[in-house]
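Single-structure report; data block below.
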Amino acid sequence: MTTGNEPVLSVSSLVKRFGDFTAVDDVGFELMPGASLGIVGESGSGKTTTARILAGLDEPTSGTVTLAGEPVVSGSRRARLRRAGLLQMIFQDPYGSFDPRQTIAESIAEPLRLHSPELSARDRQARVAELLDQVGLSERAGESPPRDLSGGQRQRAAIARALGIRPRVLVLDEAVAALDVSIQAQILTLLDELRRDTGIAYVFVSHDLAVVRHITDTAVVMRHGRIVERGGTEQILRDPRHPYTRLLLDSIPAPGWDLDRVARDRRALDPSL
């Protein structure tokens, strides 16, 4: 296990190829306990593939992932269970990850049965009630099927389910992108409170720089599968050094927005456009 002075997650020389296409190219970063790291980039930058590798949904072509001081290996059920107990992932649309035949409470209880078999049925029920309360969901919401909840409620339920087994790292892939702005703010505030209360660490994958600024301490910017810039989130957003990072910031609509200049800058980065 790691201490407070050692990374809870370490990624080194990560590469993922799909045939002749390299989706992730020599990616590396570290995440300290209780910290929040943003992975920023447009569609096709490799950020989601990186997240899927961390969660064990894709296997890397090469490179290493170390989680809580242990090299992550694939293959055995025990290894997959161990990884899941340390790292959980939240998706942009959690609806597909819920069994429509189960209530929300039953879905939250399912990982507890798998990872904490020593808990009695009564203890699991109490833990589910605690988790629902922690993410601001009522008992009635817990008794409902996923289809009866709003998008924001389903995202809260997904967070509760992930937190149930007390992972060390939570990977969030565009976790608020599909929500209304007011609901986004509620979920981001909830995540910030949970991080302070539990000490969990986040990897927050997003194309939205405003979201990244709100929820992360440090960030890496990805383009064409590679990291082109890294550092403190505020430092990167206030004083970007790489032309691609500056382009991402300039692409945000604002008073005096010069769309022609943005297009010229993009063509300068990608002459083929």
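The residues of the chain are indexed from 1 along the displayed sequence.
No donor-acceptor pair closer than 3.5 Å links the side chain of Arg168 to the backbone N or O of Leu86. The main-chain N or O of Val135 is found under 3.5 Å from a side-chain atom of Arg156 such that the two form a donor-acceptor pair. For the pair Asp217 (side chain) and Ser36 (backbone), a donor-acceptor distance under 3.5 Å is present. Between the side chain of Glu229 and the backbone N or O of His242 there is at least one donor-acceptor pair closer than 3.5 Å. The backbone N or O of Gly41 sits nowhere less than 3.5 Å from a side-chain atom of Arg223 that would complete a donor-acceptor pair. Of the possible donor and acceptor atoms, one in the side chain of Gln155 sits under 3.5 Å from a partner among the backbone N and O of Phe91.
The side chain to side chain contact (heavy atoms under 4.5 Å, CB included) check on Glu234 picks up Arg213, Arg238, with sequence neighbours excluded. Checked against side chain to side chain donor-acceptor pair (under 3.5 Å), Thr216 has the following partners two or more places apart in sequence or in another chain: Thr233. Residues passing the salt bridge (charged side-chain N to carboxylate O under 4.0 Å, His left out) test with Glu143: none are found, sequence neighbours excluded. In this structure Arg147 satisfies the side chain to side chain contact (heavy atoms under 4.5 Å, CB included) test together with Tyr95, Pro145, sequence neighbours excluded.
In plain terms, the two heavy atoms of Gln184 and Leu179 that are nearest each other are NE2-O, 3.3 Å. Closest non-hydrogen pair, Pro167 versus Ala162, comes out as CD-O, 3.2 Å. The nearest pair of heavy atoms linking Ser206 to Asp208 is OG-N, 2.9 Å. Here the closest heavy-atom approach between residue Pro240 and residue Leu237 is recorded as CD-O, 4.0 Å. The two atoms that bring Val212 and Ala219 nearest to each other are CG1-CB, 4.4 Å, heavy atoms only. For the residue pair Gly34 and Ala201, the shortest heavy atom distance occurs at N-CB, 3.7 Å.
Through side-chain heavy atoms spaced under 4.5 Å, either directly or across other Ile, Leu, Val, Met, Phe, Trp or Tyr residues, Leu114 is tied to Leu81.
Atom CD of Glu139 has 12 or fewer heavy atoms from other residues, nucleotides or ligands within 6.0 Å. Within 6.0 Å of CD on Glu130 lie more than 12 heavy atoms contributed by other residues, nucleotides or ligands. Atom CZ of Arg113 is surrounded by more than 12 heavy atoms from other residues, nucleotides or ligands within 6.0 Å.
The CD atom of Gln88 sits 6.0 Å away from atom NE2 of His115, with the distance rounded to the nearest 0.5 Å. Here Leu188 contributes atom CG and Ile183 contributes atom CD1; the two are 11.5 Å apart, rounded to the nearest 0.5 Å. For the atom pair CG (Leu170) and CD1 (Ile90), the distance works out to 5.0 Å, reported to the nearest 0.5 Å. Atom CE of Met32 and atom OG of Ser10 lie 10.0 Å apart (nearest 0.5 Å). Taking OH of Tyr202 as the reference point, atom CG of Leu194 lies at 5.0 Å (rounded to 0.5 Å). Atoms CZ and CD1, from Arg161 and Ile104 in turn, are 8.0 Å apart once rounded to the nearest 0.5 Å.
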- Item | Stepwise side-chain contact (heavy atoms from CB on, under 4.5 Å) check, Phe29 with Thr50 | CA-CA 11 Å; Phe29 53 82; Thr50 300; 4.1 Å; yes
- Full working for side-chain contact (heavy atoms from CB on, under 4.5 Å) between Leu191 and Leu172: CA-CA 10 Å; Leu191 289 169; Leu172 303 108; 3.9 Å; yes
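Taking 4.5 Å as the limit, every side-chain heavy atom of Leu87 sits out of range of all side-chain heavy atoms of Val72. Looking only at side-chain heavy atoms (C-beta outward), Gln92 and Thr48 stay at 4.5 Å or farther from each other. By the 4.5 Å heavy-atom criterion applied to side chains, Arg230 and Thr218 are not counted as neighbours. Contact annotation: the side chain of Val176 never approaches that of Ile215 to less than 4.5 Å [non-hydrogen atoms, C-beta and beyond]. The side-chain heavy atoms of Leu67 and Leu9, taken from C-beta on, include a pair separated by under 4.5 Å. Residues His207 and Ser43 are not in side-chain contact: their nearest non-hydrogen atoms beyond the backbone lie 4.5 Å or more apart. Looking only at side-chain heavy atoms (C-beta outward), Val65 and Arg83 stay at 4.5 Å or farther from each other. The side-chain heavy atoms of Val211 and His214, taken from C-beta on, include no pair separated by under 4.5 Å.
Checked for salt-bridge contact, Arg127 and Asp123 miss the test: no charged N lies under 4.0 Å from a carboxylate O.
Hydrophobic clustering of Ile, Leu, Val, Met, Phe, Trp and Tyr side chains at less than 4.5 Å, counting indirect connections, keeps Leu37 apart from Ile200. Residue Leu137 is grouped with residue Val128 when hydrophobic side chains (ILVMFWY) are merged at heavy-atom distances under 4.5 angstrom, including chains of intermediate members. Both Val27 and Ile39 belong to a common hydrophobic cluster when Ile, Leu, Val, Met, Phe, Trp and Tyr are linked at side-chain heavy-atom distances under 4.5 angstrom. Phe204 and Val221 are members of different hydrophobic clusters when ILVMFWY side chains are connected at heavy-atom separations under 4.5 Å. If you chain together hydrophobic residues whose side chains sit under 4.5 Å apart, Val15 and Ile53 never meet in one group.
Pairs engaging residues 12-29 under the salt bridge (charged side-chain N to carboxylate O under 4.0 Å, His left out) rule: Asp25-Arg226 [sequence neighbours left out].
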